[in-house]
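First the structure, in the form of structure tokens, and then the observations on it.
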Protein chains: 2
Amino acid sequence: MTGDLEESARKLLEVVPIIMQDIRSEMRRRRSLDLTVPQFRALAFVNRNEGSSLWEVAFHMGLTPPSMSRLVDGLIERGLMAREDHPADRRRVRLTVTDHGLAILGASTQGTLSYLADKLSGVEADKREVIDKAMETLRTVFATGTRKREVT
Amino acid sequence: MTGDLEESARKLLEVVPIIMQDIRSEMRRRRSLDLTVPQFRALAFVNRNEGSSLWEVAFHMGLTPPSMSRLVDGLIERGLMAREDHPADRRRVRLTVTDHGLAILGASTQGTLSYLADKLSGVEADKREVIDKAMETLRTVFATGTRKREVT
DNA sequence: TATTGTTATACTCTATAACTATA
DNA sequence: TATAGTTATAGAGTATAACAATA
């Protein structure tokens with residue numbers, strides 16, 4: 001009884017925004033750390049990719065460079081990220097996560113993970129495994145670098 | 001080889017924002033219709049629940065009433081939604097989707113569904129079924145009305 | 001007094017357009 | 001000329017605080 005493609009799409013479009021909203025609210029609720037989802041994602045990416053350029057992070061997140069520039073501004077203002085010159089190419093920028101940023105990132109990650117784990121704790125093991133597998137497939141489908149550059 | 005709870009949570013936290021970002025970008029790309037995800041969700045909810053109060057929609061979406069009020073303002077300005085007095089309780093408001101709103105909602109839904117269906121078309125049927133099942137489980141886990149009211 | 005909603009204010013996210021600096 | 005990034009400007013999403021109207 002496999003549904004058709006559009007039915008799958010419909011489920012995705014129904015459920016994903018609900019989860020996202022929930023994650024967002026949860027992150028906002030922990031005021032002390034208070035990272036928005038985009039801030040969190042940017043920090044996590046730069047942490048995994050020390051010395052990224054602005055463009056790389058923007059591309060990864062599917063944002064335009066100006067949007068990313070502002071996002072980074074905010075993180076730097078709060079002392080979570082640092083922006084240095086790139087030694088080889090002076091147009092570029094080297095982004096790094098500060099110690100403080102790393103601490104916040106870690107705490108925020110743990111907090112959100114605990115929250116989600118708690119939510120999932122009521123799900124039977126086999127169903128949870130189904131979720132795991134689904135996420136793995138979806139990750140490849142919606143992989144990074146998906147952003148379509150405008151024809152403009 | 002079932003992973004632990006936290007591993008499941010980690011996958012969710014990694015993948016869901018990526019999908020969301022993709023949906024958001026896609027909706028923005030179709031400028032003519034140009035509904036944001038929250039606008040889309042609000043319209044869809046009110047369409048399914050003719051005559052909802054502001055509070056009901058806000059609760060469904062996990063937003064505060066002021067946020068919802070503004071969101072609705074925007075939809076009304078664009079002629080997609082209407083706000084009437086509730087006959088029985090004059091504090092309340094009756095929200096309805098206009099004909100134009102319904103048309104836009106339909107077109108936007110179709111556009112986004114086609115986009116997602118296209119993305120999913122490369123996925124084997126059995127994996128797609130796994131995704132379907134995962135979404136069904138996740139819908140119950142993150143069901144509407146999840147919003148925790150602040151203790152404040 | 002409790003409920004429903006709006007207004008005022010303030011940030012963040014995000015985009016496009018226009019610009020600067022470097023290659 | 002092409003690439004990397006920033007600044008200017010603007011609209012939407014979101015929150016808290018303060019308020020008005022109705023029950």
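Letters A, B, ... mirror the listed sequences (proteins, then strands); counts begin at 1.
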Determine whether A:Gln110 and B:Glu6 satisfy the following criterion, side chain to side chain donor-acceptor pair (under 3.5 Å), listing intermediate values before the conclusion. CA-CA 9 Å; A:Gln110 263 317 309; B:Glu6 184 150 314; 3.2 Å; yes

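- Taking every heavy atom of residues 94-102 of chain B and every atom of DNA chain D, no pair lies under 4.0 Å.
- Protein atom CG of B:Leu63 is 15 Å distant from nucleotide atom C1' of C:dG5, rounded to whole Å.
- In terms of hydrophobic clustering, with Ile, Leu, Val, Met, Phe, Trp and Tyr side chains grouped at heavy-atom distances under 4.5 Å, B:Val130 and B:Leu138 are assigned to different clusters.
- Remark: B:Arg83 is in phosphate contact with C:dT6, judged by side-chain N or O atoms under 4.0 Å from OP1 or OP2.
- For C:dG5, neither phosphate oxygen OP1 nor OP2 lies less than 4.0 angstrom from any side-chain nitrogen or oxygen of B:Ser69.
- Nucleotide D:dT14 holds its C1' atom 14 Å from the CZ atom of B:Arg41, rounded to whole Å.
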Per-nucleotide protein contact along nucleotides 18-23 of chain C, 5' to 3', at a 4.0 Å heavy-atom cut-off (B base, S sugar-phosphate only, - neither), is ---BBS

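- Ion pairing between a basic and an acidic side chain is recognised when a charged N comes within 4.0 Å of a carboxylate O; B:Arg92 and B:Glu56 show such pairing.
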Take A:Leu120 and B:Leu12, measure what side-chain contact (heavy atoms from CB on, under 4.5 Å) needs, and give me the verdict at the end. CA-CA 10 Å; A:Leu120 291 174; B:Leu12 218 52; 4.2 Å; yes

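- Nearer to the 5' terminus of DNA chain D, by closest-nucleotide assignment, is the contact made by A:Glu56 (compared with the other of A:Glu56 and B:Gln39).
- Put simply, A:Ser67 has a side-chain N or O that comes within less than 4.0 Å of OP1 or OP2 on C:dA15.
- Atom CD in B:Gln21 sits roughly 12 Å away from atom P in C:dC13 (whole-Å rounding).
- B:Leu71 has its CG atom 7 Å from the P atom of D:dT14, to the nearest Å.
- Each of A:Arg70 and B:Val37 lies near DNA chain D, and the nucleotide nearest A:Arg70 is the one positioned closer to the 5' end.
- The side chain of B:Thr36 approaches D:dA12 more closely than any other nucleotide in the set C:dA10, C:dT12, D:dA12.
- When the nucleotides C:dA15, D:dG5, D:dT14 are ranked by their closest atom to the side chain of B:Arg28, C:dA15 comes out on top.
- The side chain of B:Thr64 places an N or O atom within less than 4.0 Å of a non-bridging phosphate oxygen (OP1 or OP2) of D:dA15.
- In this entry the distance linking CD of A:Glu84 with P of D:dG5 reads 13 Å, nearest Å.
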Side-chain donor-acceptor pairs of residues 35-47 of chain A under 3.5 Å, sequence neighbours excluded:
| residue | atom | partner | partner atom | Å |
| --- | --- | --- | --- | --- |
| A:Thr36 | OG1 | A:Gln39 | N | 3.2 |
| A:Thr36 | OG1 | A:Gln39 | OE1 | 3.3 |
| A:Gln39 | OE1 | A:Thr36 | N | 2.9 |

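- For residues 59-73 of chain B, every residue pair satisfying the salt bridge (charged side-chain N to carboxylate O under 4.0 Å, His left out) rule, not counting sequence neighbours, is listed here: B:Asp73-B:Arg83.
- Annotation: salt bridge (charged side-chain N to carboxylate O under 4.0 Å, His left out) contacts of A:Lys11 (sequence neighbours excluded): B:Glu136.
- Looking at the side chain of B:Val93, the nearest of the listed nucleotides D:dG5, C:dG5, C:dC13 is C:dG5.
- Taking the side chain of A:Arg92 as heavy atoms from C-beta on, and the options D:dG5, C:dG5, C:dT12, the nearest nucleotide is D:dG5.
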Distance-only check: which donor-acceptor pairs under 3.5 Å involve side-chain atoms of residues 96-108 of chain B, not counting sequence neighbours?
| residue | atom | partner | partner atom | Å |
| --- | --- | --- | --- | --- |
| B:Thr98 | OG1 | B:Gly79 | O | 2.7 |
| B:Thr98 | OG1 | B:Leu80 | O | 3.2 |
| B:Thr98 | OG1 | B:Gly101 | N | 2.9 |
| B:Ser108 | OG | B:Arg30 | NH2 | 3.4 |

